[in-house]
S.K.: 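Please find one structure pasted underneath; my questions will follow.
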2 protein chains.
Amino acid sequence: MTDIGDKSQRGFSGFNPGTEVRSHVKGSAGMAHHTIYDIARLAGVSGKTVSRVLNQEPGVSPLTRARITKLIDQLGYQPHSGARSMRGQRRDCVGVVFTAPPEVVPISNQQIQWMFEELYRIFGMRGKFICFDLNPFESPDGSDYARALWQQRCSGCVIHGPLPIHDQTVHRIHQSGSPYMAMNRLDSLPEICFASPDYEEAAYLSTKFLIDRGHTRIGMLKGWEGYQAGVERWRGYVRALEEAGLPLDEALVRAVTFDAHDIAAATHRLLLDFSTTAIVDCSSTEKAAPLVEGARFAGRAPGKDFEVVVWTYAAQATVLKEACAHVWLPLREAAAEGLALLVQWFDKEREEPFQVLYRPTLYETAPDAALPTPTPIFNTLR
Amino acid sequence: MTDIGDKSQRGFSGFNPGTEVRSHVKGSAGMAHHTIYDIARLAGVSGKTVSRVLNQEPGVSPLTRARITKLIDQLGYQPHSGARSMRGQRRDCVGVVFTAPPEVVPISNQQIQWMFEELYRIFGMRGKFICFDLNPFESPDGSDYARALWQQRCSGCVIHGPLPIHDQTVHRIHQSGSPYMAMNRLDSLPEICFASPDYEEAAYLSTKFLIDRGHTRIGMLKGWEGYQAGVERWRGYVRALEEAGLPLDEALVRAVTFDAHDIAAATHRLLLDFSTTAIVDCSSTEKAAPLVEGARFAGRAPGKDFEVVVWTYAAQATVLKEACAHVWLPLREAAAEGLALLVQWFDKEREEPFQVLYRPTLYETAPDAALPTPTPIFNTLR
DNA sequence: CTGTTAGCGCATTCAC
DNA sequence: GTGAATGCGCTAACAG
C-alpha cells in the first residue's frame with residue numbers, strides 16, 4: 001500500500017484525490033431516510049393512503065394516487081424493508097446458505113458463477129433480492145447454517161453444498177414451512193425439497209462401465225465423506241459390484257477432500273497396488289492434475305496402465321484427456337429447474353415442496369462426439 | 001420436465017419421492033418464530049434482560065445470563081433482523097449493487113467469481129451478510145440501482161459495474177453517509193470512494209506501446225460507451241497520440257459492447273482500411289475470438305499484418321496468442337484492498353471514504369515471462 | 001374514498 | 001441487577 005504521494009511514477013494521470021476528499025458528511029448519519037409520514041404530510045393525506053399507493057391497493061382516487069406517486073419519485077422514497085418485514089411476511093428476498101465451510105466446499109468452484117446467473121434470471125428478474133449467508137463456520141453454532149432464515153432476513157432459501165448426514169438444520173427449515181430447496185437428497189428426510197443429479201446412479205454407471213471393460217479391482221476417489229453425497233457414491237459403487245458378483249474391497253474406496261495433496265496421496269496409495277487397474281474420480285474437483293500427479297509417483301499413467309472415469313458438472317467438459325469416459329452430472333440443469341419451481345413457491349403459485357432428480361450421463365471420451373441433453377428422472381411438477 | 005412415473009428408465013435408483021411428499025406443513029406459516037419475550041417468559045425474566053444477553057451488555061448476573069443463553073441455544077432463537085434494523089443502525093449486511101443491466105455487464109463475467117471470494121473473505125468471515133441487488137432494469141426507475149440501500153436492507157454497498165457518465169445515484173449514496181465503494185472513478189464526483197485500476201493510464205500505455213513500435217494508425221475497440229470507463233479509455237488514447245504528435249482520427253475508435261457480433265463487425269470495419277496496422281482491444285471482454293473473426297472477414301490476421309494489444313483483468317492471462325502485448329488491469333487486487341477498507345468503514349474503524357487506484361501493467365507476450373506484482377498508485381490509507 | 005388505532009420485535013430511556 | 005414504558009416505520013383491521 002503506497003502512499004498518496006506516489007505521483008512520481010511515470011504516467012500518473014494527474015488526478016490527486018488525496019486533497020479532494022474533505023468535506024464528506026461527518027458521523028451523524030448523513031441524510032435521514034424518509035418515512036411514509038413524510039410523504040403523507042407533503043401530500044396532505046394520512047400515512048395509510050401512502051401505504052395504499054405503495055402497495056397498489058385500491059381505495060385511492062386517481063388524482064391523489066398520482067400526486068403521491070410523484071412525491072415518492074421526487075424524493076426517491078423507498079419503504080423500510082425492516083418495518084415491512086414486521087407485518088405480514090413479504091417474500092422479496094431469497095437466501096443462499098452454505099452447509100459447509102470453504103475448506104470443504106471451495107467457494108471458487110465454478111458453481112458459484114452459474115448459480116449466480118440462474119439466481120439472476122429467476123429471482124433477480126422478478127425484482128427479488130438475493131442474500132448470501134457466508135456463515136462464519138468457526139462460530140459455536142456453525143452447524144446451524146440458516147441464520148438468514150431464522151433472522152427473517154429472507155423468507156426462503158437455497159441450500160448450497162452437501163448435506164451433512166446428520167443434518168438437523170434442514171429438518172427445521174422443512175418444518176418451518178418457508179420455501180426452500182436443497183441441492184441434494186437426504187436419507188433422514190425423504191420428503192425434502194431438492195433439485196439434484198442422481199449421485200448414486202452416477203457412481204453405479206461409472207463402476208459398471210469399468211466392470212464391463214473387464215476391470216475387477218476398481219478404485220474410487222470419493223468426495224464428501226461425512227455427507228449424504230458421499231454415502232450415495234458409496235451405494236452406487238457397491239451396487240455395481242454386487243450386481244456383477246465382484247468382491248468388495250473397502251480399501252479401494254478412498255475418501256478425499258478438495259485438497260490437491262490429499263487427492264494425489266490417495267491416488268498414489270491406490271495405484272501402488274498394481275492389481276488396481278481402474279479409478280472412478282468422483283472427488284467433485286473437476287481437476288485431474290492431482291490424480292495424474294499421484295499416479296506418476298506410483299510409476300503409473302492414466303490411459304496406459306490404468307483407466308479412469310472422471311465426473312464433471314459441465315456438459316462437454318473433458319476434465320482429463322486420458323480418461324476413458326466422463327460422467328456428466330447435470331447439476332446446473334437440475335438447479336435451474338428447481339429454482340424455477342422455488343420462485344413459484346415464493347410467489348404462492350405453488351404450495352408444496354418438490355423434488356427434481358436428473359439422470360447423469362456417461363460418455364466415452366472422443367473428440368467431437370455429440371452429447372445428449374439432460375434428462376430429468378422425475379420431478380413433482382405436474 | 002418428465003413426470004414422476006418415469007421410473008422405467010434403466011438404473012432408476014428405486015427411490016420414489018412422489019408418494020412420500022405428503023404431510024408437509026400447510027399454508028398457515030408453519031412454526032412461528034420466537035421473540036425475546038418467549039425467551040423471557042421461559043427464563044422468568046423481562047424482555048430487556050434477554051436483550052442485554054443478546055447484545056453482550058453488562059447488568060445481568062452470570063447465572064441469569066447462563067440460563068438465558070442456554071434457552072436461546074435450545075430454541076435456536078435468533079433476533080428478528082427487521083425489528084433490529086428499526087432501532088439504531090446495525091451494520092451486518094453489505095449490498096452489492098449493479099449499475100447496468102446484464103446486456104451491458106454480463107453476469108457471467110469472471111469477475112463475479114472472484115468478487116464472491118473476496119466478499120467471503122472480508123465480509124463473510126466477519127459474520128456479515130451479503131445481499132445482491134440484481135435490479136430488474138426494465139422497471140421505470142432502473143437508473144436508481146441502490147434499492148437495497150434505500151430500503152435499508154443493508155447499511156452500505158459495493159457498486160459493481162461501470163458508472164454512467166451522468167450517474168445520479170452514486171451522488172446520493174455518497175451524500176447519505178453510508179459506507180460504500182465504487183469500482184470506478186467518476187468525473188462528476190471527484191471525492192467518490194472507489195477502488196479501481198487506472199483505465200486512462202492503461203489506454204495511454206497501450207497506445208504508446210504501439211506508437212513506439214512504429215504504428216501511426218491505431219484502432220481501438222472501446223468498451224463502456226456512455227460510461228465513465230469509456231471516457232477514460234478515450235482520454236488515454238488521445239493523450240498518447242498528442243504526446244507523439246500524431247493526428248487523431250475518431251473513426252479509429254470504435255465503441256463496442258460485449259456482444260461478439262458487435263466486436264467482430266467493429267474489427268472488420270477497422271481492418272478493411274489497410275492503413276490501420278494495430279488495434280487496442282479494450283473491450284473488457286477478455287475474449288479474442290470475435291476480433292480474430294472480424295479480422296478474417298477483412299482478409300487479415302493478427303500478428304501477421306496488424307498488431308494487437310489486449311486488455312486483461314487476470315494476471316498472467318494470455319487472451320490472444322498472437323497479441324504483441326497484454327495490459328493487465330489489477331481490478332481484483334484493487335477491489336480486495338478496497339473491500340478491506342470498506343469493512344473497516346462498516347465497523348466504524350474508519351470514518352471517511354478512501355480512494356484506491358492501481359497502476360496497470362503492460363507485458364509483452366512471451367512464454368514463461370516473469371510478471372510483475374500489482375502496484376497501487378495511491379490510496380488514502382495511512 | 002380516506003383516516004384512526006393498534007401492534008409487529010426489539011432497544012433505548014428511565015425508573016425501581 | 002432488573003423491569004416498564006415508549007417508539008422505530010409500516011400495515012391490517014376497523015371506522016367514518
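All values derive from a computational prediction rather than experimental measurement.
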S.K.: I want to verify a distance call: between D:dG9, C:dA11, D:dT11, whose nearest atom is closest to the A:Ser51 side chain?
M.R.: D:dT11
S.K.: Nearest to the side chain of B:Val45, which nucleotide is it out of C:dT2, D:dG3, C:dC10?
M.R.: D:dG3
S.K.: Side chain of B:Arg87, heavy atoms from C-beta onward: which of D:dT11, C:dG3, D:dC8 has the nearest atom to it?
M.R.: D:dC8
S.K.: If you check the A:Ser61 side chain, which of C:dC1, C:dT4, D:dG9 turns out closest?
M.R.: C:dC1
S.K.: Establish, with yes or no, whether the OP1 or OP2 oxygen of D:dG9 is under 4.0 angstrom from a side-chain nitrogen or oxygen of A:Arg84.
M.R.: no
S.K.: Round to the nearest Å and state the distance from B:Glu57 atom CD to C:dT12 atom P.
M.R.: 6 Å
S.K.: Consider the side chain of A:Arg52, meaning its heavy atoms from C-beta on, and name the nucleotide among D:dA12, C:dG3, C:dG9 that approaches it most closely.
M.R.: C:dG3
S.K.: Measure from CD1 on B:Ile39 to C1' on C:dC10 and round the result to the nearest Å.
M.R.: 13 Å
S.K.: Heavy atoms under 4.0 Å, any strand shown: does B:Thr64 hit a base, just sugar-phosphate, or nothing?
M.R.: sugar-phosphate
S.K.: Given D:dG3, is OP1 or OP2 found less than 4.0 Å from the side-chain N or O atoms of B:Thr49?
M.R.: yes
S.K.: For the side chain of A:Lys48, counting heavy atoms from C-beta on, which of C:dC10, C:dT4, D:dC10 is nearest?
M.R.: C:dT4
S.K.: What is the distance, to the nearest angstrom, from the CG atom on B:Asn55 to the P atom on C:dT13?
M.R.: 13 Å
S.K.: Can you tell which of A:Leu119, A:Val94, A:Val158 makes a side-chain contact (heavy atoms from CB on, under 4.5 Å) with A:Phe132?
M.R.: A:Leu119
S.K.: Rounded to the nearest angstrom, tell me the gap between atom CD in B:Gln78 and atom C1' in C:dC10.
M.R.: 15 Å
S.K.: For B:Phe123, run the ring pair (Phe, Tyr, Trp, His ring centres under 6.0 Å) check against B:Trp345, B:Phe346, B:Phe116 and tell me which one passes.
M.R.: B:Phe346
S.K.: Could you check how far CZ of A:Arg65 sits from P of C:dC1, rounded to whole Å?
M.R.: 10 Å
S.K.: With nearest nucleotide decided by heavy atoms, which residue, B:Gln152 or B:Gly44, maps closer to the 5′ end of DNA chain D?
M.R.: B:Gly44
S.K.: Roughly how far, to the nearest 0.5 Å, is the CD atom of B:Glu337 from the CG atom of B:Leu342?
M.R.: 12.5 Å
S.K.: In whole Å, what is the span from the CG atom of B:Leu63 to the P atom of D:dT2?
M.R.: 10 Å
S.K.: Without decimals, in angstroms, what is the distance between B:Arg153 CZ and D:dC10 P?
M.R.: 13 Å
S.K.: Can the ring centres of B:His34 and B:Tyr77 be said to be less than 6.0 Å apart?
M.R.: no
S.K.: Look up atom CE in A:Met86 and atom CZ in A:Arg84, then write down how far apart they are to the nearest 0.5 Å.
M.R.: 14.5 Å
S.K.: Which whole-number value in Å describes the distance from B:Arg90 CZ to C:dT12 P?
M.R.: 9 Å
S.K.: A:Ser46 or A:Tyr37: which one's nearest nucleotide on DNA chain C is closer to the 5' end?
M.R.: A:Ser46
